Amino acid sequence: MTRHDLCDRAPARAAFAQSIVRGLSDTPRWLSCRYLYDAEGSALFEAITRQPEYYLTRTEDALLAAHAVALRAYVGPSTLVELGSGNSSKTRHLLRAWTAGGQRARYVPIDISREILEASSAALDADFQTLTVSALAGTYEQAFARLREFSPLVLLFLGSSLGNFNRSETAAFLAQVADALSPGDHLLLGLDLVKEAGTLEAAYNDAAGISAAFTRNLFARMNRELGTRLDLDAIQHVAYWNETSERIDIFARFTRPAIIELPELGRTFRLAAGEMVLTEVSRKFRLPEMSAVAARHGFDTVATRTDPERAFALQLLRRRTSPVRPAVRLVAEALLENARGRTLELVAPLSEAQLTNQHSPLMSPIVWDLGHIANFEEQWVRRAHDPRGRRDDEARSRDHMYDAVAHPRATRRRLPLLERASCLRYLELTRQQTFDVLARASFPASDPLLAGGFVHSMLAQHEAQHSETILQTIQLIDDLTYEPPRRREPPGTVIPVDDAAEAVVPAGPFLMGTNDRRFAYDNERPAHEVDLPSFRIDLCPISNGQFLRFLEDGGYRRRELWTPEAWRWRIEGGATHPAQWRQVNDEGWSELVFGRLIPLALDQPVIHVSWYEADAYARWAGKRLPTESEWEKAAAWDLERGTARRHPWGDAAPTPDLANLDQTTFSPAAIGAYPRGISYFGCHQMLGDVWEWTASDFEPYPGFVAFPYPEYSEVHFHKGYKVLRGGSWATQPLVARNTVRNWDLPQRRQIFAGFRCARDA
Ligand code: AVI
């Protein structure tokens, strides 16, 4: 037997505490069913499976015994990989079929419990001479990253464990499995089927009271591990059939008022008498529906086996050989079209002069940005598809004019820039050439520029980022009232969040950055482990209201709050308030937003502040700015799964109800406007609204390799730039992810930047 540890188990206690905070802060309250299974809980669950009312385990066991040989015939020689293998007892039927006649086979049990894995693997080693057991200790999600090396394989997910996920978790799980398996691999599901309510309710309310003890053990575990002092006798187990959702809902009902105190996280929850906390759902399945859901995730149904009563089923699915993925070319075209639509829309309301003037030494004339977008595309399409193609003199002079390093922003107005019509023609002609090339292109995996369409997503991201730069310029145009073609009011507060509230992020390692080679920039790579001490981080970005208190408390006058360098900047530039704030006739504060003076929205994140101002505020508040690794851990790390999320809320793409991105609101939204977009640790609005200054300098990650050109990041390292994270309302979703690093000098205020504070825990 070999064993590989995929996880560090130390965070288990911390993850339990975090999950309680997450669930009890929600409405209605819930607790994660993951934590039902400590040693006591696992023993109680074993006992449940032996209760006469709990038909699931014995029915599945009989099905496996009866059909193991047939299943082996369907799938051929393959590795058996089991999620949540426990004691592997039912799996033995399959192992016998897989090793029949002295055949060699491999079994990969995956379980969070190292002890259970050790015991079950040792027993299997003794009983199956031709079986190789390679145990993986870790979460499902951690194991997914390893599955490819075991292909061809059958992934076992038995016991109707899929039923303990809600619908969106089920979809996310199937998507992850589909991604982790190779075409032709199999997934064998054990599924409890929809049936008459009496049978179902009895299975979750056994006469011996074991199910009740199982639910109550979650709170006993809280008392044991987290020092809560809950009276277990005041907790009732309630389980009933929820007809609408076709699932058993299991609750803990508090018969007396209760207090759950988590002093380490600074949180106390008060539960009223009669309050019910959802501890588990157990969904029941209908086979045709399950096949349809699986099909949407790229699985064909190969075989289904049920018992005569149709109580339970085994469903064998096969990962389709040609996954239904849109062609690389179509994705590339769509990304490019989307970014272009936005660029043209932004500049449409601007006059010739507004496009060609230099409005600030910090920003280029907008026609330079536009020409640079076209030129960058022209150059990279050639490098990727025709690297030996020659550039004539005219092309070379274009390349020179739009070389960002050769021409610092302040000097760009002296270049012989194109005017609007010629600039738009240049954009259009380049794009036509790109599409002509794309129509004939192939995307060999061996070419890092072309694999998966890397260069085209880079071009679309580049254009999307320049559209945000153009918006920064537009914000600085004097005497302009900007009328964008599309605009909607930013949403107001949905859930009020106390502005003093903080998340406590426990000490421990997390995976920072990414190894993605399709969308990520070189400076986001490679993924690497970072071990951080515990820290506290504000749940929300600092609001205008909070910043106003700093200002009114003499924040801009108190030298002790500023570093010497920042103080020099403050005095020389005469900064006495955020860049866009205005005070008319000594009345209250207003903000100049794209040429409109509007009363300062106290509930929105402060924007257009420099790193220096953010740093001074943090000192005034008795805090500090978070480092970028703290920021990323708070935004991305899922302590429970031991994996990083692409966005604070998960891997799903941003939508308007999750974050304020995409250049539609033209200002940040109110604090608490996106409760569905919170991170694992409960932090709000980490993506969108405002870029957030961090304490960190822009430096390479260990193992950094410049790709595809040093000018993107490498030349900017160690130059005194500070890192900003998270994206603003003006960031397009294509460039918004937890690992993206933006950077600027500490005195800059043209960026749509705000901040949140942190402190040591
Ligand atoms: C593990 N899982 C499939 C069980 C079920 O039936 O949903 C958990 C359980 N909870 C209470 N009884 C059984």
Side-chain angles (χ1 to χ4, degrees), residues 30-61 63-64 82-91 109-113 116 120 139-140 155-167 169-170 173-174 187-221 235-242 245-253 276-286 290 307 311-315:
W30 53 269
L31 288 168
S32 165
C33 66
R34 266 176 201 256
Y35 299 99
L36 288 164
Y37 300 90
D38 63 344
E40 276 81 350
S42 300
L44 284 165
F45 178 64
E46 285 294 317
I48 289 176
T49 64
R50 292 191 296 272
Q51 298 311 300
E53 298 92 336
Y54 198 78
Y55 58 87
L56 288 80
T57 311
R58 58 174 185 275
T59 315
E60 185 179 51
D61 190 79
L63 283 170
L64 286 166
E82 182 166 13
L83 291 176
S85 51
N87 63 15
S88 302
S89 74
K90 286 172 299 189
T91 320
I110 298 165
D111 207 286
I112 194 74
S113 165
I116 290 180
S120 61
T139 66
Y140 300 164
L155 185 67
L156 310 174
F157 199 41
L158 302 176
S160 205
S161 298
L162 193 66
N164 298 129
F165 294 152
N166 63 33
R167 274 173 205 267
E169 288 166 340
T170 306
F173 174 83
L174 289 174
L187 172 63
L188 180 65
L189 296 173
L191 301 169
D192 192 19
L193 302 179
V194 171
K195 58 182 69 59
E196 177 261 323
T199 311
L200 286 165
E201 288 186 345
Y204 293 87
N205 290 287
D206 56 276
I210 317 285
S211 297
F214 182 60
T215 299
R216 222 173 274 121
N217 176 59
L218 186 59
F219 299 89
R221 180 177 181 181
I235 298 173
Q236 264 179 358
H237 160 88
V238 177
Y240 58 80
W241 176 236
N242 175 339
S245 308
E246 299 201 321
R247 63 186 204 196
I248 293 282
D249 282 342
I250 305 175
F251 297 89
R253 180 174 180 276
M276 311 246 283
V277 177
L278 184 70
T279 54
E280 205 184 359
V281 300
S282 191
R283 212 181 127 202
K284 305 303 161 191
F285 296 88
R286 293 179 189 273
M290 189 57 221
D307 54 295
F312 201 93
L314 294 174
Q315 195 169 47

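First listed ligand is number 1; within each ligand, the first listed atom is number 1. Quick caveat, the model's predicted, so the values are computed rather than measured.
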Which N or O atoms of ligand 1 sit under 3.5 Å from a protein N or O, and how far apart is each pair?
{"from": "ligand 1", "atom 1": "2 (N)", "to": "Asn164", "atom 2": "OD1", "distance (Å)": "2.9"}
{"from": "ligand 1", "atom 1": "6 (O)", "to": "Tyr54", "atom 2": "OH", "distance (Å)": "2.5"}
{"from": "ligand 1", "atom 1": "6 (O)", "to": "Tyr204", "atom 2": "OH", "distance (Å)": "2.5"}
{"from": "ligand 1", "atom 1": "7 (O)", "to": "Asn164", "atom 2": "ND2", "distance (Å)": "2.9"}
{"from": "ligand 1", "atom 1": "7 (O)", "to": "Ser282", "atom 2": "OG", "distance (Å)": "2.6"}
{"from": "ligand 1", "atom 1": "10 (N)", "to": "Glu280", "atom 2": "OE1", "distance (Å)": "3.0"}
{"from": "ligand 1", "atom 1": "10 (N)", "to": "Glu280", "atom 2": "OE2", "distance (Å)": "2.9"}

Kindly indicate whether the side chain of [X], heavy atoms from C-beta on, has any atom under 4.5 Å from the side chain of [Y].
X: Ser282; Y: Asn164; result: yes
X: Thr57; Y: Ile48; result: no
X: Asp249; Y: Phe251; result: yes

Under the side-chain contact (heavy atoms from CB on, under 4.5 Å) test, residues paired with Arg283 that sit two or more places apart |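 By the side-chain contact (heavy atoms from CB on, under 4.5 Å) rule, Arg283 matches Arg167, Thr170, Arg247, Phe285, Glu289.
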Ser89 OG to Asp61 CG distance, which is reported to the nearest 0.5 Å |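 Answer for the OG-CG pair, Ser89 versus Asp61, is 6.5 Å.
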Spatial distance of atom CG (Leu156) from atom OG (Ser88) [nearest 0.5 Å] =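 Result: 9.5 Å between the selected atoms.
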